[in-house]
Amino acid sequence: MQSELSIVWIYPDLLSTYGDQGNVLVLEQRAQARGIATRTVHVRSSDPVPQQGDVYLIGGGEDRPQILGAERLRRDGGLHAAIQRGAAMLAVCAGYQIMGTVFGGEEGQPVPGIGLLDISSGRGERRAVGELAAEVDPALGLPTLTGFENHMGVTRLGPGVRPLSRTLVGTGNGDGTEGCYAGRVIGTYLHGPALARNPALADLLLSWVTGPLPPIDDSWYQALRDERLRAVLPS
């Protein structure tokens, strides 16, 4: 297990809605609870994306900041280099769409993404708003995900990715699935923030770059997650 974890929070000045910065705090706390020191870099949109980070995070945002973020990431190239080197990543909502080949702009026009994930997104007819619960791909070994969604996106998955989960409640990608993953890159529409609502997902990201993690007491997290699931799942 490594002695220091480098966390890179991409473009908080553009893409940081619905408390998504909480994902950074959860990673810091869960690493530190296991004796792993953390160093977090906040990369503003005017700065280059460092290539030597361990875990990269990007959040949600409105249409114009999403377009600006995609343009700057395409020009920068640092994120691609980091992922090719073996870094892990969580991309949320607008950040998730940016990772694909194309997404819908302010008027629904196609905007190029950065091509890290084999997905394409457009604008749906209705906004998806509310609680979301989804069963995770068994290959990842995670419990049911919970969170909330607020987006107009419809995301189509290509053969280069696998669905992160299948929806029990909510819209997700719009086809019965929610999010996707490929290698060490995870995309999702989950806010909440996602890692606070789903600490096992945080631990998965950590384990990809640190190796196996010792357990910590999650009993109160588990009780809260179960309560949320009971509230949203059909009886």
Side-chain angles (χ1 to χ4, degrees), residues 15-27 29-30 57-62 66 89-100 103-104 117 119 121-157 161-181 185-207 215-235:
L15 299 165
S16 183
T17 58
Y18 305 116
D20 289 330
Q21 188 171 354
N23 291 323
V24 177
L25 301 177
V26 171
L27 279 181
Q29 292 167 358
R30 295 186 72 80
L57 300 166
I58 189 169
E62 303 300 324
Q66 181 186 22
M89 180 169 194
L90 176 70
V92 174
C93 202
Y96 169 38
Q97 294 182 355
I98 286 173
M99 296 302 112
F103 61 90
L117 290 171
I119 62 171
S121 300
R123 295 176 70 88
E125 296 180 359
R126 297 181 180 180
R127 177 168 289 275
V129 181
E131 285 290 314
L132 193 154
E135 291 285 357
V136 182
D137 183 341
L140 296 178
L142 299 180
T144 302
L145 298 177
T146 74
F148 77 89
E149 59 183 340
N150 186 351
H151 62 93
M152 288 286 291
V154 175
T155 297
R156 298 170 181 83
L157 309 186
V161 298
R162 295 181 65 169
L164 174 63
S165 56
R166 299 198 174 274
T167 53
L168 301 171
V169 173
T171 301
N173 294 325
D175 63 353
T177 67
E178 201 295 304
C180 75
Y181 72 100
V185 179
I186 293 175
T188 181
Y189 280 111
L190 288 173
H191 296 287
L195 299 186
R197 295 279 293 262
N198 304 281
L201 183 59
D203 287 352
L204 177 65
L205 290 165
L206 290 174
S207 69
I216 56 178
D217 183 8
D218 268 343
S219 56
W220 70 277
Y221 263 126
Q222 184 66 38
L224 184 59
R225 190 185 69 87
D226 290 348
E227 180 180 341
R228 286 169 173 151
L229 284 174
R230 285 193 296 270
V232 302
L233 292 178
S235 306

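Side chains are part of it too, since the values below use all heavy atoms of this structure and drop only hydrogens, waters and symmetry mates.
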Quiz item: What closest approach, in Å, do Ala202 and Leu27 show between heavy atoms, and which atom pair accounts for it?
Solution: O-CD2, 3.7 Å
Quiz prompt | Shortest non-hydrogen separation from Thr155 to Ser121 and the atoms involved | solution = OG1-OG, 2.8 Å
Quiz prompt | Side-chain donor or acceptor of Asn23 paired with backbone N/O of Ala194 under 3.5 Å | solution = yes
Practice problem: Locate the shortest heavy-atom distance separating Ala133 from Val232; write the atom from each residue and the value. | Solution: CB-CG2, 4.2 Å
Self-check item: Stepwise side-chain hydrogen bond (donor to acceptor under 3.5 Å, both in side chains) check, Arg156 with Asn173
Solution: CA-CA 7 Å; Arg156 298 170 181 83; Asn173 294 325; over 6 Å; no
Throw together a table of side-chain donor-acceptor distances under 3.5 angstrom for residues 161-171, partners on residues two or more places apart or in other chains.
| from | atom 1 | to | atom 2 | distance (Å) |
| --- | --- | --- | --- | --- |
| Arg162 | NE | Asp137 | OD2 | 3.1 |
| Arg162 | NH2 | Asp137 | OD1 | 3.4 |
| Arg162 | NH2 | Asp137 | OD2 | 3.0 |
| Ser165 | OG | Glu178 | O | 3.2 |
| Thr167 | OG1 | Gly176 | O | 3.2 |

Quiz item: When you look at CZ of Arg123, are more than 12 heavy atoms from neighbouring residues, nucleotides or ligands closer to it than 6.0 Å?
Solution: yes
Exercise. Quick one: closest heavy-atom pair of Leu157 and Cys180, and the distance?
Key: CD2-CB, 3.9 Å
Self-check item: Residue pair Leu145 / Thr188, side-chain heavy-atom distance below 4.5 Å
Solution: no
Self-check item: From CG (Asp20) to CG (Leu57), nearest 0.5 Å
Solution: 9.5 Å
Practice problem: Write down the atom of Tyr96, the atom of Gly187, and the distance for their closest heavy-atom approach. | Solution: CD1-CA, 3.4 Å
Self-check item: Electrostatic pair Arg30:Asp218 at N-O distance under 4.0 angstrom
Solution: yes
Quiz item: Are side-chain N/O atoms of Gln97 and Tyr189 paired as donor and acceptor at under 3.5 Å?
Solution: yes
Quiz prompt | CG on Asn198 to CG on Leu190, rounded to 0.5 Å | solution = 6.5 Å
Quiz item: Does the side chain to side chain contact (heavy atoms under 4.5 Å, CB included) test come out yes or no for Leu204 and Ile186, once each step is laid out?
Solution: CA-CA 10 Å; Leu204 177 65; Ile186 293 175; 4.1 Å; yes
Exercise. Search all heavy atoms of Ala139 against all heavy atoms of Tyr181 and return the closest pair with its distance.
Key: CB-OH, 3.9 Å
Quiz prompt | Check: Thr144 main-chain N/O paired with Arg225 side-chain donor or acceptor under 3.5 Å | solution = yes
Self-check item: Spacing of Leu224 atom CG and Arg228 atom CZ [to the nearest 0.5 Å]
Solution: 3.5 Å
Exercise. Measure the spacing between SG of Cys93 and CD1 of Ile58 and express it to the nearest 0.5 Å.
Key: 11.5 Å
Self-check item: Side chain Glu131, main chain Thr146, donor-acceptor under 3.5 Å
Solution: no
